[in-house]
Amino acid sequence: MPMLSEGRFLSTRARSNRIVWFVLLFQVATSIVSQAATNRIRTAHSIGWYNTFLTFRLSDKSSIQAEYQWRREEWISNWQQSLLRIGYHVQLHPRVTARLGYGWIETFPYGDIPLNGFGKQFTEHRLFQAIVLQDEVKRLSISQRWMLEERWLGRYASAASTKEEGFDLLGRIRYQVRLQHPICKPGDGQGHFYIATYDELFIGFGKNVKENVFDQNRLAGLIGFQSRSSFRVEAGFLQQLLQLGREVNGKNVFQYNNGVTVNLYYMLDLRKRN
């Protein structure tokens, strides 16, 4: 038995090392994208993302999650995005969860160069499928998420149009790795503080994807508080590097958005009790 435990530890340690290398490679790739090209326009914004996540636990292996993300530009003054998402989660294994869901997003014309070429607010309908892997190395929690998205983005015929004439279908792949570690040893039945960081890379694909095959990258550093098992809150720094899907005056456009994020999580247990 001791040798089996040691083998499992070494296997987990090897997986952790691979994850660290993945994070480093993604950061290097992002740096190359952001620094190598000179034919670009660079814009910067101060952002604030304020998010609520509600989980309704239906059984030991299934749940529904509803979330709303209030994304603001100039910290809180102006709209950046409104995102409402709902998903069904199934636990396939103690460390593996599958997710399926729908999102409704409104994107607003913030900044000097808005995402929509006509400077209009546009709607996005989104389906997503995801696999989440959870692992632990001593007290370090490691989460990896692979997500596939089918996105229908609202399209305007001209600058004079008052409503969208249709929707273009785009595909996107996302990969996120998150590391979380408690600041102090949790007591029995007591809450505890923790620190966390995550990096997420977005890659677009499909015939309607234009300049933004590299769509964006998000990097965050957080401090949080876990209250037993039903309530959690965290806040920290967020960096979003985003490439527009079109050129302006023959140049690619990149947004360098830096700001804060606040996340509130709450779980309601709806399992039937005997």
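Using modelled atom types, one finds no donor on one side chain facing an acceptor on the other under 3.5 Å when comparing Arg145 with Tyr198. Using a 3.5 Å distance cut-off with no hydrogens or angles, the side chains of Gln216 and Arg218 do pair a donor with an acceptor. Judged by distance alone, the side chains of Arg178 and Gln176 never bring a donor and an acceptor atom under 3.5 Å apart.
Residues forming a side-chain hydrogen bond (donor to acceptor under 3.5 Å, both in side chains) with Gln129 (at least two apart in sequence, or on another chain): Glu150. A search for side-chain hydrogen bond (donor to acceptor under 3.5 Å, both in side chains) contacts involving Thr162 returns nothing, not counting sequence neighbours. Considering only residues two or more places apart in sequence or on other chains, Val96 meets the side-chain contact (heavy atoms from CB on, under 4.5 Å) condition with Leu92, His93, Ile131, Leu133. Every residue two or more places apart in sequence or in another chain was checked for a salt bridge (charged side-chain N to carboxylate O under 4.0 Å, His left out) with Arg72, and none qualifies. Legend: residues meeting ring-ring contact (aromatic ring centres under 6.0 Å, His included) with Phe118, ordered by chain and number and at least two apart, are absent. With sequence neighbours excluded, the residues satisfying ring-ring contact (aromatic ring centres under 6.0 Å, His included) with Tyr110 are His45. Legend: residues meeting side-chain hydrogen bond (donor to acceptor under 3.5 Å, both in side chains) with Arg246, ordered by chain and number and at least two apart, are absent. In terms of the side-chain hydrogen bond (donor to acceptor under 3.5 Å, both in side chains) criterion, residue partners of Tyr265 (sequence neighbours excluded) are, by chain and number, Glu234.
Across all non-hydrogen atoms, the minimal contact from Pro114 to Gly119 is CG-CA, 3.6 Å. Between Asp215 and Gly204 the shortest heavy-atom distance is CB-N, 4.4 Å. The shortest heavy-atom contact between Phe56 and Ala66 is CE1-CB, 4.5 Å. For the pair Tyr156 and Ser161, the tightest heavy-atom approach, listed with the atom from each and the gap, is CD2-CB, 4.0 Å. Nearest heavy atom pair, residue Leu238 against residue Ala220, reads CD1-CB, 4.1 Å. Minimum interatomic distance between Glu164 and Thr123 (heavy atoms only, all atoms of both residues): OE2-N, 2.7 Å.
When the side chains of ILVMFWY residues are joined at heavy-atom separations under 4.5 Å, either directly or via intervening members, Leu54 and Phe128 end up in two distinct hydrophobic clusters. Hydrophobic clustering, with ILVMFWY side chains joined whenever heavy atoms are under 4.5 angstrom apart, keeps Phe254 apart from Phe202. In the hydrophobic clustering of ILVMFWY residues, with side-chain heavy atoms under 4.5 Å counting as a link, Val132 and Trp146 come out apart. Hydrophobic clustering of Ile, Leu, Val, Met, Phe, Trp and Tyr side chains at less than 4.5 Å, counting indirect connections, keeps Ile47 apart from Leu242. The same ILVMFWY cluster, assembled from side-chain heavy atoms under 4.5 Å apart, contains both Leu244 and Ile203.
The list of salt bridge (charged side-chain N to carboxylate O under 4.0 Å, His left out) pairs with a residue in residues 252-269, not counting sequence neighbours, reads Asp269-Arg271, Asp269-Arg273. For residues 97-124, the pairs satisfying salt bridge (charged side-chain N to carboxylate O under 4.0 Å, His left out) are Glu124-Arg126, Glu124-Arg151, with sequence neighbours left out.
Membership of the apolar cluster around Val260 extends to Tyr50, Tyr68, Trp70, Trp75, Ile76, Trp79, Leu84, Tyr102, Trp104, Phe108, Leu127, Trp152, Phe167, Leu169, Val262, as traced through chained side-chain contacts below 4.5 Å between ILVMFWY residues. Under a 4.5 Å side-chain heavy-atom cut-off, the cluster of Ile, Leu, Val, Met, Phe, Trp and Tyr residues that includes Leu83 is completed by Ile105.
For the side-chain contact (heavy atoms from CB on, under 4.5 Å) test with Asn257, the passing option among Gln240, Gln239, Glu73 is Gln240; the others fail. No option in Gln81, Arg71, Gln80, Gln121 other than Gln81 meets the side-chain contact (heavy atoms from CB on, under 4.5 Å) test with Thr107.
Put simply, the side chain of Gln226 gets close to the backbone of Phe231: a donor and an acceptor are under 3.5 Å apart. Between the side chain of Arg139 and the backbone N or O of Cys184 there is at least one donor-acceptor pair closer than 3.5 Å.
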